[in-house]
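Here the structure comes first, spelled out in structure tokens, and everything after it is commentary.
Just the heavy atoms: all of them, side chains too, but no hydrogens, waters or symmetry mates, feed the values below. Chain naming here is simple, since letters A, B, ... match the order of the sequence lines and numbering starts at 1 in each. Please read all numbers here as calculations on a predicted model, not as lab measurements.
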Amino acid sequence: MKSEVAFLLKKALVATYPDAKVQIHVEYPDKRYGDYATNVAFWLSKVLKKPPREIATKIAVNLKHPFIEKVEVAGPGFINITMNEHWWHSIVKKILTLKEGYGQLSIGNGKRIQIEYVSANPTGPLHVGHGRGAAVGDSLARILKKAGYEVEREYYINDAGRQIRMLGESIWARCMELQGKEVEFPEDGYRGNYVVDLAKEALREFPDILERPKDEAVEVLAQWGKDKLLKQIVDDLRSFNVSFDSFFSEKSLHESGEVSRIIEELKAKGYIYEKDGALWFKSTAFGDEKDRVVVRATGEPTYFAADIAYHKNKMERGYDTCIDVWGADHHGYIPRVKASMAALGYNPERLKVLLIQMVNLLKNGEPVVLSKRAGEIITLRWLINEVGTDAARFIFLTRKCDSHLDFDIEIAKRQTEENPVFYVQYAHARVCSIKRTAQERNITLSLNEPDLSLLKEEEEKELMRKLAQFPDVIENCAKTFEPHRLTYYLTELASLFHGYYNRFRVLTEDEALRNARFALCEAVRLVIKEGLNLLGVSAPEVM
RNA sequence: GCGGCAGUAGCUCAGCUGGACAGAGCAGCGGACUUCUAAUCCGCAGGUCGGGGGUUCGAGUCCUCCCUGCCGCGCCA
């Protein structure tokens with residue numbers, strides 16, 4: 001609702017200083033100062049060369065609206081605004097009318113955003129780190145949609161190149177072992193147990209596989225294994241409430257010739273040279289720290305070459321913005337991708353890369369040590385089975401992407417008050433419980449024209465203030481690409497609700513008061529439900 | 001060595017274009033269930049915002065230097 005206040009401020013500003021051009025920023029001050037505040041006078045004082053208090057006072061005089069109770073100039077020049085009850089009541093009514101549609105914005109203005117996330121190699125199951133990227137990417141997609149963007153979600157499948165062949169060789173080696181044949185396991189092979197399971201299944205599916213020439217067998221197993229693993233990945237993501245609009249195959253870029261074409265295009269522009277038998281892209285011309293190989297001395301294109309083609313393809317599809325969600329260990333990769341886009345004549349600003357920091361797994365405060373050599377990983381599937389999708393998603397979204405995340409498996413499993421997701425869900429369930437109890441006791445509850453002026457308590461006003469912030473939170477998340485702000489908001493809203501619930505009764509004798517309070521609670525419930533939905537977390541009616 | 005991220009209460013972390021006395025949860029201590037679910041609530045206690053300089057009317061937030069931790073610097077992806 002900040003935007004409405006900003007609009008009123010804008011009017012007052014124009015009335016006072018018609019020529020002033022300044023961005024109006026509205027904040028939530030400490031509640032003893034008022035409901036909204038702005039520091040616009042400070043910015044103006046720089047331009048007008050007058051004291052901020054003087055400017056603030058003049059603007060305040062012109063700030064009028066039936067919903068404004070009072071306007072005060074405070075401190076060195078803040079303008080504090082206090083709204084009257086009609087303003088707060090209008091918000092509750094708005095929520096009850098719009099329901100889950102409350103908070104829908106149009107700041108995206110129909111602009112197209114593509115968001116690519118997870119994109120894990122189909123050479124093994126998803127691990128916990130992928131889960132964090134999935135939670136962030138998926139929730140961000142939901143939030144951006146809510147903010148009025150046209151959003152497309154994509155998964156880039158690295159189904160070409162060395163790692164897929166290595167998958168085939170790993171399965172082949174395990175097949176040999178299962179048949180009791182001595183064979184050296186490939187040095188960079190995939191050592192996880194899942195490869196043994198795949199090998200067992202492969203032997204059933206292709207009884208003659210080991211009789212075929214090795215190259216052929218490896219190729220068959222590679223493609224078959226890749227498809228199996230991809231299906232498993234998609235299934236895991238589905239259990240994690242994560243979905244995609246499209247899957248884009250790296251292999252298709254090679255097969256369609258797009259990779260070769262992109263190299264020719266860069267060559268024509270003079271950004272490709274040969275050294276040591278390989279072809280190099282002159283990314284240093286666009287700020288990268290060194291040039292990068294696009295075609296190996298063996299004649300094979302690198303992963304990066306395909307990635308250039310992929311990003312060109314994205315640009316050609318006309319998105320206003322493309323978001324790539326990557327693990328933070330890929331940060332050194334950003335300059336070369338942006339360089340390639342610049343070289344091809346695209347504005348690199350159209351690409352935003354979100355780096356997701358590492359997840360540290362803990363067990364009762366102690367780091368979980370995994371042997372990388374033995375291919376030990378903690379899979380997302382395991383995590384979902386242990387702690388559930390709701391808890392895992394919520395915990396992943398309680399940190400900003402830039403921060404490392406300590407994920408303590410025992411705490412997440414414990415399902416106690418240490419686990420914030422239940423706290424928020426419980427608030428939702430409690431409102432549902434009020435409704436149920438009323439039904440059981442034949443108490444009438446009506447949302448029809450509640451008399452909200454009966455909500456006189458400070459706690460009730462606090463709740464209405466918080467509810468009014470929801471659209472601002474959506475806007476904030478969408479602009480910063482930071483979904484974690486929503487989890488904090490929901491926790492705060494739930495906290496206010498629990499406090500209110502403990503102190504006041506909804507099902508009172510006084511029918512008018514009962515209906516007014518229930519209307520407020522129902523508004524809280526609707527916002528929590530929609531908020532959780534944006535995080536991909538369920539809102540149970542009973543707990 | 002170069003680069004990225006982090007360094008805020010005992011622990012895990014928030015902190016909205018720089019704003020008005022630095023916030024939450026957990027842990028600790030003390031209270032609240034014949035009344036809409038105690039997975040809850042109320043209260044107390046707890047911090048020279050890693051350190052030094054600087055910019056500003058104002059710095060946890062911006063600049064600079066230093067310290068510590070994690071990560072990256074392949075013709076791997």
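When the C1' atom is compared between B:rA59 and B:rG18, the two are found 7 Å apart, to the nearest whole Å. Look at the P atom in both B:rG19 and B:rG58: the space between them is 14 Å, to the nearest Å. Only the P atoms considered, B:rG46 is 14 Å distant from B:rA24, to the nearest whole Å. Nucleotides B:rA20 and B:rC66 have their P atoms positioned 31 Å apart, rounded to a whole Å. Taking atom P in both B:rG69 and B:rC29, one finds a spacing of 34 Å when rounded to whole Å. The C1' atoms of B:rA27 and B:rU17 are separated by 37 Å, rounded to the nearest whole Å. Between B:rG60 and B:rG7, the two P atoms lie 15 Å apart (nearest whole Å). Nucleotides B:rC63 and B:rG23 place their P atoms 25 Å apart, quoted to the nearest Å.
Both A:K2 and A:Q357 sit near RNA chain B, but only A:Q357 has its closest nucleotide nearer the 5' end. Mapped onto RNA chain B by nearest heavy atom, A:G499 and A:P52 fall at different nucleotides, with A:G499 at the one closer to the 5' end.
For A:Y423 and B:rA39, the ring-to-base geometry does not satisfy the stacking test (centroid distance below 5.5 Å, interplanar angle below 30°). Stacking between A:F78 and B:rG19 is absent: the ring centroid is not both under 5.5 Å from the six-membered base ring centre and under 30° in plane angle.
Of the listed nucleotides (B:rA38, B:rG19, B:rC16), B:rA38 has the atom at the smallest distance from the side chain of A:Y501. Closest to the A:Y488 side chain, of the nucleotides B:rA14, B:rC75, B:rG3, is B:rA14. In the set B:rC57, B:rG72, B:rC13, B:rC57 carries the atom at the smallest distance from any side-chain atom of A:F42. Side chain of A:R441, nearest nucleotide from B:rC73, B:rG19, B:rU35: B:rU35. Residue A:K400 has its side chain nearest to B:rA14 when only B:rA39, B:rA14, B:rC75 are considered. In this structure, the nucleotide among B:rC13, B:rC71, B:rU17 sitting nearest to the side chain of A:D406 is B:rC13. Comparing B:rA77, B:rC71, B:rC41 by their closest approach to the side chain of A:Y333 singles out B:rA77. Across B:rC36, B:rC13, B:rU17, the shortest atom-to-atom separation from the side chain of A:R399 is found for B:rC13. The listed nucleotides are B:rA39, B:rA20, B:rG15; the one nearest the side chain of A:H484 is B:rG15. Checking B:rA77, B:rC2, B:rC36 against every side-chain atom of A:V506, the shortest atom distance belongs to B:rC36.
Looking at heavy-atom distances under 4.0 Å, A:N39 makes contact with a base. Across all strands, A:V431 comes closer than 4.0 Å to no nucleic acid atom at all (heavy-atom distances).
Side-chain contact between A:V26 and A:I24: present, with at least one pair of heavy atoms (C-beta onward) separated by less than 4.5 Å.
Between the side chains of A:Y28 and A:D35, no donor-acceptor pair is found at a separation under 3.5 Å. No side-chain donor from either of A:Y36 and A:E4 sits under 3.5 Å from a side-chain acceptor of the other. Residues A:Y156 and A:D324 bring no donor and acceptor atom of their side chains to less than 3.5 Å of each other.
Here the C1' atom of nucleotide B:rC13 and the CD atom of A:E482 are 14 Å apart, to the nearest Å. In this structure, A:L355 atom CG and B:rA6 atom P are separated by 11 Å, rounded to whole Å. Rounded to a whole Å, the CG atom of A:L361 is 15 Å from the C1' atom of B:rU12. In this entry the distance linking NZ of A:K275 with P of B:rG74 reads 12 Å, nearest Å. Atom CD in A:E492 sits roughly 11 Å away from atom P in B:rG15 (whole-Å rounding). Rounding to whole angstrom units, CD of residue A:E250 and P of B:rA77 are separated by 8 Å. The nearest whole Å value for the distance from the CG atom in A:D402 to the P atom in B:rC70 is 18 Å.
The partner of B:rG47 is absent, by the rule that a Watson-Crick or G-U pair needs both atom distances under 3.5 Å. Nucleotide B:rC16 has no partner under the Watson-Crick or G-U criteria, as no pair reaches both atom distances under 3.5 Å. In this entry B:rG25 has B:rC11 as its Watson-Crick or G-U wobble partner, both defining distances falling under 3.5 Å. The base-pairing partner of B:rU35, taking Watson-Crick or G-U wobble contacts with both distances under 3.5 Å, does not exist among the strands shown. Partner assigned to B:rC2 is B:rG72, using Watson-Crick or G-U wobble distances below 3.5 angstrom.
Annotated as syn: B:rC33, whose O4'-C1'-N torsion sits within 90° of 0.
A:Y426 has a side-chain polar atom (N or O) that falls below the 4.0 Å cut-off from OP1 or OP2 of B:rA39. Dashed line: the shortest gap from a side-chain N or O of A:R430 to OP1 or OP2 of B:rA38 is under 4.0 Å. Residue A:S403 places at least one side-chain N or O closer than 4.0 Å to OP1 or OP2 of B:rA14.
Ring pair A:Y488/A:H484 is perpendicular by interplanar angle, where above 60° counts as perpendicular and below 30° as parallel. Ring pair A:F248/A:Y310 is tilted by interplanar angle, where 30° to 60° counts as tilted. Ring-plane geometry between A:W326 and A:H330 is classed as tilted, the angle between the planes lying from 30 to 60 degrees on a 0 to 90 degree scale.
Looking at A:H330, its side chain has no donor and acceptor atom pair within 3.5 Å of the base of B:rG72.
Scanning for side-chain contact (heavy atoms from CB on, under 4.5 Å) contacts around A:A494 gives A:Y423, A:V424, A:A427, A:H498, with sequence neighbours left out.
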